[in-house]
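As the structure is a prediction and not an experimental result, all values here were calculated from the model.
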Amino acid sequence: MADRTSVRAGSRRPQRYLPLQILLGFLVIYFLVPFWWIIVNSSKDAPGLFGGGNTLWFTDRIDYLGNLEQLFTYDGGIYLRWILNSTLYAIAGGIGATVLAVMAGYGFAKYRFAARRFSFAVVLGALMVPATALVIPTFIMFSRLGMTNTIWAVILPSLLNPFGVYLMHVYARDAVPDELLDAARVDGAGELRTFLQIALPMMRPAVVTVLLLSAVASWNNYFLPLAMLSDNRLFPVTVGLGLWQGIASANNSGSTSLWSLIILGSLVSVIPLIVAFFSLQRHWRGGLSVGGLR
């Protein structure tokens, strides 16, 4: 009797999840088709792009190496400089935002001080403000300080990450027991030593998560550097590709087809993010799920 029941339950389970699996399959296709389009068209030259062939399949001529050489040598190799600029902005903004988020989140979670609830409410309120809405006020403030068209005009605003503070607050509150911190203080450990040797190792998944999200946000940032920077040598890759797109749309690129470079440049700019996500995937998933599990 028990065997029959288990067989019936096993036969009903695939039918129960079949609509969800179909929906997930459509979503996978929806998100992978644009990425496949970039991979395919990165191998084409101008005649292959505009020759009227199948845009989702390769042409007879596949020339990734030639397109890469043209990408990194066009206009004096400006694309490589844009990649290095994006790397600098992502590393500096990611590490700086993570350090501030860890300290603020841990402080909100484990210390009691005046105006604590009000300050944390301000942080939660900042989550509701779109980042693009703060670009113009930030530009006015930095222009009065004489800091526009510098790397600091991109890095300093990237250090503020309200979501990172909230995530670290939730994680530190649930993952770091107060009894363990009290025991360390009783044994004579100071606050800094307690944080570095007790709390910080336990918060490592959330720290990696905030670091990854902050670095990706800095890498993908477009509107802020577009407003702050006027020197194309300081552009990140997002703004640089936008500049090339404007030139290509105006047909001012001379004998070079910038559309091939734009598509291949978009593919190359995504590769560091893919590597970061896959290498830190275990910590990333653990950091995001701990708040809901504990």
Side-chain angles (χ1 to χ4, degrees), residues 34-35 38 42 67-101 130-143 145-164 210-250 252-253 256 258-280:
F35 188 66
I38 292 178
S42 297
N67 291 343
L68 282 173
E69 181 181 0
Q70 191 176 15
L71 174 66
F72 285 100
T73 57
Y74 178 77
D75 196 12
I78 190 65
Y79 180 81
L80 179 60
R81 186 179 182 92
W82 291 341
I83 288 289
L84 295 178
N85 290 340
S86 292
T87 304
L88 172 63
Y89 299 149
I91 293 177
I95 294 178
T98 302
V99 171
L100 294 178
T132 54
L134 301 177
V135 170
I136 300 304
T138 304
F139 172 79
I140 295 175
M141 180 179 65
F142 274 81
S143 64
L145 296 175
M147 297 179 63
T148 56
N149 201 31
T150 64
I151 61 173
W152 301 110
V154 179
I155 294 176
L156 292 181
S158 302
L159 301 182
L160 301 178
N161 187 356
F163 177 76
V210 174
L211 175 62
L212 180 60
L213 296 180
S214 300
V216 170
S218 297
W219 183 279
N220 292 331
N221 200 356
Y222 176 78
F223 193 29
L224 177 66
L226 177 65
M228 291 291 186
L229 304 176
S230 58
D231 186 357
N232 64 350
R233 294 175 299 177
L234 299 177
F235 284 173
V237 67
T238 52
V239 179
L241 291 177
L243 175 64
W244 279 359
Q245 183 179 2
I247 296 175
S249 299
N252 293 330
S253 55
T256 303
L258 282 180
W259 290 114
S260 300
L261 304 186
I262 293 170
I263 296 173
L264 182 58
S266 301
L267 177 62
V268 173
S269 67
V270 172
I271 293 176
L273 302 182
I274 296 176
V275 173
F277 268 101
F278 275 103
S279 60
L280 301 176

Does the side chain of [Y] come within less than 4.5 Å of [X]'s, by heavy atoms?
{"X": "Phe235", "Y": "Leu226", "value": "no"}
{"X": "Tyr74", "Y": "Leu258", "value": "yes"}
{"X": "Leu212", "Y": "Val216", "value": "yes"}
{"X": "Leu68", "Y": "Val268", "value": "yes"}
{"X": "Pro157", "Y": "Phe142", "value": "yes"}
{"X": "Thr138", "Y": "Met228", "value": "yes"}
{"X": "Gln70", "Y": "Leu264", "value": "no"}
{"X": "Trp244", "Y": "Ile78", "value": "yes"}

Testing the basics here: between [X] and [Y], what is the closest heavy-atom pair and its distance to 0.1 Å?
{"X": "Leu211", "Y": "Thr98", "result": "CA-OG1, 3.1 Å"}
{"X": "Gly96", "Y": "Leu159", "result": "CA-CD2, 3.6 Å"}
{"X": "Ser218", "Y": "Ala90", "result": "CB-CA, 3.7 Å"}
{"X": "Leu229", "Y": "Thr150", "result": "CD2-O, 3.5 Å"}

To the closest 0.5 Å, what do you measure between [atom1] ([X]) and [atom2] ([Y])?
{"X": "Phe35", "Y": "Ile274", "atom1": "CZ", "atom2": "CD1", "answer": "4.0 Å"}
{"X": "Leu261", "Y": "Phe72", "atom1": "CG", "atom2": "CZ", "answer": "10.5 Å"}
{"X": "Phe139", "Y": "Phe223", "atom1": "CZ", "atom2": "CZ", "answer": "10.5 Å"}
{"X": "Thr148", "Y": "Met141", "atom1": "OG1", "atom2": "CE", "answer": "12.0 Å"}
{"X": "Ser214", "Y": "Phe163", "atom1": "OG", "atom2": "CZ", "answer": "9.5 Å"}
{"X": "Ser249", "Y": "Ile262", "atom1": "OG", "atom2": "CD1", "answer": "7.0 Å"}

Original post:
Does any pair with a residue in residues 227-250 pass salt bridge (Lys or Arg N to Asp or Glu O under 4.0 Å), and if so which ones, sequence neighbours excluded?
Top reply: Asp231-Arg233
Subject >> Residue pairs fulfilling salt bridge (Lys or Arg N to Asp or Glu O under 4.0 Å) with at least one residue in residues 82-91, sequence neighbours excluded >> reply: none
**OP:** Go through the steps for Asn161 and Leu100 under the test side-chain contact (heavy atoms from CB on, under 4.5 Å), then give the verdict.
**Re:** CA-CA 8 Å; Asn161 187 356; Leu100 294 178; over 6 Å; no
Would a distance-only check, ignoring hydrogens and angles, find a side-chain to backbone donor-acceptor pair under 3.5 Å from [X] to [Y]?
{"X": "Asn85", "Y": "Arg81", "result": "yes"}
{"X": "Trp219", "Y": "Pro236", "result": "no"}
{"X": "Asn67", "Y": "Ser42", "result": "yes"}

Subject >> Derivation and outcome, side-chain contact (heavy atoms from CB on, under 4.5 Å), residues Asn220 and Leu273 >> reply: CA-CA 10 Å; Asn220 292 331; Leu273 302 182; 3.5 Å; yes
**OP:** Could you walk me through whether Leu241 and Val237 pass side-chain contact (heavy atoms from CB on, under 4.5 Å), step by step?
**Re:** CA-CA 6 Å; Leu241 291 177; Val237 67; 4.1 Å; yes
